[in-house]
Visitor: 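Pasting in a structure now, in structure tokens, and then I'll have a few things to ask.
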Amino acid sequence: MDFRARFAPSPTGQVHIGNIRTAIFNWLYTRHCGGEFLLRIEDTDLERSTKQAIDALFECMKWLGLDYDGEVMYQTSQSEHHKQAARDLVARGCAYELNPGQPGSPVLFRLPYDCDSFPFVRACGRVRTELAVDAPFSISRAGLTWSVVNHKGKTVENAAGLAGFKDLRVFDGAGNVIFTLDASNIREIEALVEPKVIAGAAAFEFLRREVFFHDLVKGDLAKPLDGIKDLVIIRSDGSPVFHLANVCDDVTQRVTHIVRGDDHVENTYRHLFLFQALGFTPPTYAHLPMLVNASGKPYSKRDGDAFVGDFREKGFLPEALFNYLSLLGWSPGDNREKMTRQELVEAFSIDRAQRSPAQFDLVKLVNMNGMYLAEMPLARFESEAWDFAGRWEWRASASRELFSKVAALMQTRTKTYQDVNAWKYFFCGELEYDPKGFRKLLSDETTRTALAALADIFERKPSMNETEVEQTLREVESAHGMGACRLNQPLRVAVTGVTVGGSMYETAAVIGTGDCASRIRKTLALGSAS
RNA sequence: GUUCCCAUCGUCUAGAGGCCUAGGACACCAGGUUUUCAUCCUGGUAACAGGGGUUCGAAUCCCCUUGGGAAUGCCA
């Protein structure tokens, strides 16, 4: 199947989850169809594009396993093609300089007046517009400008390209035709640089035509041509504008399917004409609704907490983020959620993409990450947790062997690698006490006496195993008239400082009972109400 | 302002006129297992934005209202 999709980010800031979700959908769609997934960096905004942003983008894509086919295309490298394309369009009358002859005139692409035969244009019938009296009505190569009075009595100015007004007739207040625009004089008007003001215009009538296309996710879309303006394709400084560059590059890369955010829907109506003028059949479009943040607003560069790279720093797994993001605005249709990359590729279909925006939910991502972490082979978990922990001081003095034991004990209760920081007490005797737990569990005299006795025993047998620890605890409890297990939580606070963690017996065995003894002493020395 | 798009539990979603007393997941609540926490198990609260049609029958089709979003750049 001839299928080429692309991801075309502009490197003007950190790539955020909204962008990368688009990349993921493109990737899944392409891999499902067995096509090619291309990467194009739209770096034409020299002011704001940065090398760091490009590097970060590559890093994120690599991390998420978004492999692309062929070489990366940098849009700036195509600059000459874009300019040549613009010159060709001007030469063929498809584009024009706004102020011909003058240096620094922008070049505009002309929506063609003769477009009845285009496969994406259709007639809708004649339309009549009443004009605001005393407001100027003018026409030039750039199109029409007119004013109407809205229902609140306010005068509103409008503008649109000439193409929107087939067989235009302008009337004066008495209903006389005072101007017409049709095939007979369109060339003349297209040459008109200075706007021609038509005095006394009171109303006009024209044949409305609309641009239409079928969107793979939104369905049939259409927009009247009289609501669309000619567009700038070359700026005053000679640089190509997004619209031209984007379409030219899609032609160059022979892109067949464009999957992008639905903020581009309005551009599509105009890009269709650009493809046509360049002599190419427009690709198939799929516009995805935006991803919104916790306050319901679309993600933007300003949402600092949404940078993809930060999720790595926050201890998320790429496969979990990938899985979660693929489920934002799409679902396989059955009740599956945790799916492997392969399963996602097989199940993906663009027409199952949601038409309405989806809100990113960090809590659900955390849950999914925890599932991935829990099911991960211990060796990988241990090794990645170790690497991640490199950011904290305590790891410098931690033994790898001990770390392995701790990892095995703590894996099922880890949601993200960030949680590994809570393992600190295994490696460092300087405890941070939970004040509430301390008061509640270490104030009782009997408990304190029992703990002191326990420390004596631990000291004599400094490397008990789990079972021995358990037996010892039962004996000490009974010797002090305490019920079974009553010493577990006090011991936990005495040796870890906190009230939550893995099995107490295992925890004590992993720390080492000798070490536990000194920790208990140290804790008891703090007094009963610390 | 105008044009376009969207609307199912708090969130992500299932739903293609009868399988819907609206299903699943996260979160939340209650109970069970567990020395704690987590896991695990059981149960629960919770939604078709509102109003009109069409139809024997509407979450599903149509219209209106409301609410949200986008576009309307010599940004991309």
Side-chain angles (χ1 to χ4, degrees), chain A residues 8-12 42-45 47-49 75 98 104-108 148 150-152 154-160 215 218-219 221-224 226-229 231-243 245-246 260-267 269 287 289-290 292 294 296-298 324 327-338 352 354-368 370-371 374 410-415 419 422 437 441 470 473-474 477 483-493 496 498-505 507:
Chain A
S10 58
T12 56
E42 303 210 327
D43 52 354
T44 48
D45 188 341
E47 295 285 309
R48 297 189 297 145
S49 297
Q75 193 157 63
L98 192 60
S105 169
V107 175
L108 276 78
V148 296
N150 70 14
H151 63 281
K152 284 180 184 164
K154 206 176 145 193
T155 301
V156 184
E157 194 174 295
N158 293 292
D215 189 279
K218 299 214 168 232
L221 261 23
K223 185 183 173 87
D226 51 295
I228 309 178
K229 284 191 241 180
L231 55 151
V232 172
I233 52 174
I234 299 287
R235 296 188 188 88
S236 309
D237 67 2
S239 62
V241 169
F242 160 76
H243 303 289
N246 187 262
R260 41 148 63 149
D262 69 359
D263 48 335
H264 281 294
V265 169
E266 303 277 331
N267 289 333
Y269 297 113
H287 287 97
M290 319 228 77
V292 299
K297 300 289 175 198
Y324 177 71
L327 259 24
L328 234 37
W330 179 83
S331 80
D334 45 39
N335 283 334
R336 284 182 297 169
E337 288 201 340
K338 186 165 180 293
R352 287 198 58 83
Q354 206 76 10
R355 290 165 181 229
S356 50
Q359 190 173 84
F360 181 82
D361 180 7
L362 186 64
V363 178
K364 185 151 180 168
L365 171 61
V366 167
N367 177 274
M368 184 167 272
M371 280 164 60
M410 302 301 280
Q411 182 172 9
T412 59
R413 55 204 92 214
T414 305
K415 293 288 187 191
D419 295 347
L441 295 158
E470 184 171 3
L473 274 163
R474 291 304 83 85
E477 282 156 355
C485 304
R486 300 308 299 254
L487 214 42
N488 286 3
Q489 283 300 86
L491 174 62
R492 186 185 298 283
V493 175
T496 71
V498 294
T499 56
V500 298
S503 149
M504 190 58 242
Y505 316 125
T507 302

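Both backbone and side-chain heavy atoms feed into the values below; hydrogens, waters and symmetry mates do not.
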Visitor: Given atom CG of Leu328(A) and atom C1' of C26(B), what is their separation to the nearest angstrom?
Guide: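 Nearest whole value for this atom pair: 12 Å.
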Visitor: For atom C1', what is the distance between C28(B) and U66(B), given to the nearest Å?
Guide: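 Going atom to atom, C1' in each nucleotide, I get 30 Å.
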Visitor: Expressed as a whole number of Å, how far does the C1' atom of C62(B) sit from that of U55(B)?
Guide: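 The answer is 12 Å between these two C1' atoms.
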Visitor: Given atom NZ of Lys364(A) and atom C1' of C12(B), what is their separation to the nearest angstrom?
Guide: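 The answer, rounded to whole Å, is 5 Å.
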Visitor: Check whether more than 12 heavy atoms from other residues, nucleotides or ligands sit under 6.0 Å from atom CZ of Arg486(A), and answer yes or no.
Guide: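 Counting other residues, nucleotides and ligands, CZ of Arg486(A) stays at 12 neighbours or fewer.
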Visitor: Calculate the interatomic distance between Asp215(A) atom CG and A70(B) atom C1'; express it in whole Å.
Guide: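 Asp215(A) atom CG is separated from A70(B) atom C1' by 14 Å.
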Visitor: Determine whether a donor-acceptor pair (N or O, by modelled atom type, separation under 3.5 Å) exists between the side chain of Arg492(A) and the backbone of Gly502(A).
Guide: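 Yes, because the side chain of Arg492(A) sits within donor-acceptor range (under 3.5 Å) of the backbone of Gly502(A).
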Visitor: If you take atom types as modelled and just measure distance, does the side chain of Ser503(A) reach the base of U35(B) with a donor-acceptor pair under 3.5 Å?
Guide: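 Flag set: donor-acceptor pair detected.
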Visitor: Under a 3.5 Å distance rule, please check whether Gln354(A) uses its side chain to pair with a backbone N or O of Leu328(A) as donor and acceptor.
Guide: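 Not at all, since once roles are kept as given, no pair shorter than 3.5 Å links the two residues.
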Visitor: Heavy atoms under 4.0 Å, any strand shown: does Leu221(A) hit a base, just sugar-phosphate, or nothing?
Guide: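 Sugar-phosphate, no base atom in range.
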Visitor: Quantified in whole Å, what is the C1' atom distance between nucleotide A47(B) and nucleotide U60(B)?
Guide: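 Per the computed distance, 15 Å lies between those C1' atoms.
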Visitor: If you measure from the P atom in U8(B) to the same atom in G69(B), how many Å do you get, rounded?
Guide: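 After rounding to an integer number of Å, I get 15 Å for this pair.
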Visitor: Considering only atom C1', compute the distance from A38(B) to G32(B) and round it to an integer number of Å.
Guide: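 Nearest-Å result for A38(B) against G32(B) at atom C1': 16 Å.
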Visitor: Which atom pair, heavy atoms only, marks the closest approach of Ala160(A) to Asp226(A)?
Guide: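 For Ala160(A) versus Asp226(A), the nearest heavy atoms are CB-O, 3.1 Å.
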Visitor: When we call it a touch if two heavy atoms are under 4.0 Å apart, what does Ser356(A) touch: a base, just sugar-phosphate, or nothing?
Guide: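 Since only primed, P, OP1 and OP2 atoms lie under 4.0 Å of Ser356(A), the category is sugar-phosphate.
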Visitor: For a quick check of understanding: with a heavy-atom distance under 4.0 Å over all strands, which category does Arg492(A) fall into, base, sugar-phosphate or nothing?
Guide: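 Touches a base.
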Visitor: Any donor and acceptor pair, going by atom type alone, linking the side chain of Ser10(A) with main-chain N or O of Glu42(A) inside 3.5 Å?
Guide: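 Not at all, since once roles are kept as given, no pair shorter than 3.5 Å links the two residues.
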Visitor: In whole Å, what is the span from the CG atom of Asp262(A) to the C1' atom of C5(B)?
Guide: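 From Asp262(A) CG to C5(B) C1': 7 Å.
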Visitor: List the protein contact pattern of nucleotides 71-76 of chain B with one symbol per nucleotide (5' to 3'): B for base contact, S for sugar-phosphate-only contact, - for none; contact means a heavy-atom distance under 4.0 Å.
Guide: S-SBSB
Visitor: Once you apply the 3.5 Å cut-off to both distances, tell me the Watson-Crick or G-U wobble partner of G1(B), or none.
Guide: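 Check on G1(B): paired to U72(B), both distances under 3.5 Å.
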Visitor: So, is Asn158(A) near the phosphate of G1(B), with a side-chain N or O under 4.0 Å from OP1 or OP2?
Guide: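 The answer is no; no side-chain N or O of Asn158(A) sits under 4.0 Å from OP1 or OP2.
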Visitor: Touch check for Glu470(A), heavy atoms < 4.0 angstrom, all strands: base, sugar-phosphate only, or nothing?
Guide: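 Nothing, no heavy atom under 4.0 Å.
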Visitor: Classify Gly501(A) by what it touches in the nucleic acid, base, sugar-phosphate, or nothing, heavy-atom distance under 4.0 Å.
Guide: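 The answer is base, as Gly501(A) lies within the cut-off (heavy atoms under 4.0 Å) of a base atom.
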Visitor: Roughly how far apart are Lys364(A) NZ and Glu337(A) CD, rounded to 0.5 Å?
Guide: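 Separation between the atoms: 3.5 Å.
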Visitor: Determine which nucleotide pairs with A7(B), using a 3.5 Å limit on both distances of a Watson-Crick or G-U wobble pair.
Guide: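 Its partner is U66(B).
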Visitor: Once you round it to whole Å, what is the distance between C1' of G10(B) and CD of Gln359(A)?
Guide: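 Going from Gln359(A) (CD) to G10(B) (C1'), I get 9 Å.
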Visitor: Under 4.0 Å, counting only non-hydrogen atoms across every strand here, what does Val363(A) touch: a base, just sugar-phosphate, or nothing?
Guide: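 Sugar-phosphate contact only - Val363(A) comes under 4.0 Å of backbone atoms but never of a base.
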Visitor: Would you indicate, yes or no, if U39(B) has its OP1 or OP2 atom less than 4.0 angstrom from a side-chain nitrogen or oxygen of Arg413(A)?
Guide: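 Indeed not, no polar side-chain atom of Arg413(A) lies that close.
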Visitor: Looking only at atom P, what distance separates U33(B) and A27(B), rounded to whole Å?
Guide: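 Between the two P atoms, the distance is 22 Å.
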Visitor: Go through the N and O atoms of the side chain of Lys338(A) and the base of A25(B), and report whether any donor-acceptor pair is under 3.5 Å.
Guide: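 It does not, because no donor-acceptor pair links the side chain of Lys338(A) to the base of A25(B) below 3.5 Å.
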Visitor: Write down the distance between CG (Asp361(A)) and C1' (C9(B)), rounded to a whole number of angstrom.
Guide: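 After rounding, the gap between these two atoms is 14 Å.
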Visitor: Closest nucleotide of RNA chain B for Gly296(A) versus for Tyr324(A): which of these residues is on the 5' side?
Guide: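 Between the two, 5'-proximity favours Tyr324(A).
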Visitor: Side-chain donor-acceptor pair under 3.5 Å between Asn488(A) and Tyr505(A), yes or no?
Guide: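 Yes, side-chain donor-acceptor contact under 3.5 Å.
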Visitor: Do any N or O atoms from the side chain of Asp215(A) and from the backbone of His287(A) form a donor-acceptor pair under 3.5 angstrom?
Guide: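 Confirmed, Asp215(A) side chain pairs with His287(A) backbone.
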Visitor: Using the P atom in both, what is the distance from A49(B) to A7(B), to the nearest Å?
Guide: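 A49(B) and A7(B) have their P atoms separated by 9 Å.
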Visitor: Separation of Arg355(A) atom CZ from U8(B) atom C1', in whole Å?
Guide: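 Whole-Å distance recorded here is 15 Å.
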Visitor: Base, sugar-phosphate alone, or nothing: which one does Ala484(A) contact when heavy atoms must sit under 4.0 Å apart?
Guide: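 If one applies the 4.0 Å heavy-atom cut-off, Ala484(A) turns out to touch nothing in the nucleic acid.
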Visitor: Ignoring backbone atoms, test whether Arg352(A) places a side-chain nitrogen or oxygen under 4.0 Å from the OP1 or OP2 oxygen of A14(B).
Guide: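 Indeed, a polar side-chain atom of Arg352(A) lies that close.
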Visitor: Provide the distance between the two P atoms, one in C48(B) and one in C12(B), to the nearest whole Å.
Guide: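 Approximately 16 Å lies between the P atom of C48(B) and that of C12(B).
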Visitor: Taking Arg235(A) for its side chain and Pro106(A) for its backbone only, find out whether a donor-acceptor pair lies under 3.5 Å.
Guide: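 No: the side chain of Arg235(A) does not pair with the backbone of Pro106(A).
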Visitor: Give the rounded distance in Å between these two atoms: CD of Gln354(A) and P of A16(B).
Guide: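 It is 14 Å, rounded to the nearest whole Å.
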Visitor: In the strands shown, is C40(B) matched to any nucleotide by a Watson-Crick or G-U wobble pair with both distances under 3.5 Å, and which?
Guide: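 In the structure as shown, C40(B) has G32(B) as its Watson-Crick or wobble partner.
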Visitor: Heavy-atom nearest nucleotide on RNA chain B for Gly329(A) versus Lys154(A): which residue maps closer to 5'?
Guide: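 Going by which nucleotide is closer to the 5' end, it is Lys154(A).
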Visitor: If I compare all heavy atoms of Asp419(A) with all of Thr414(A), which pair ends up nearest, and what's the gap?
Guide: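 Shortest heavy-atom separation between Asp419(A) and Thr414(A) comes out as OD2-C, 3.8 Å.
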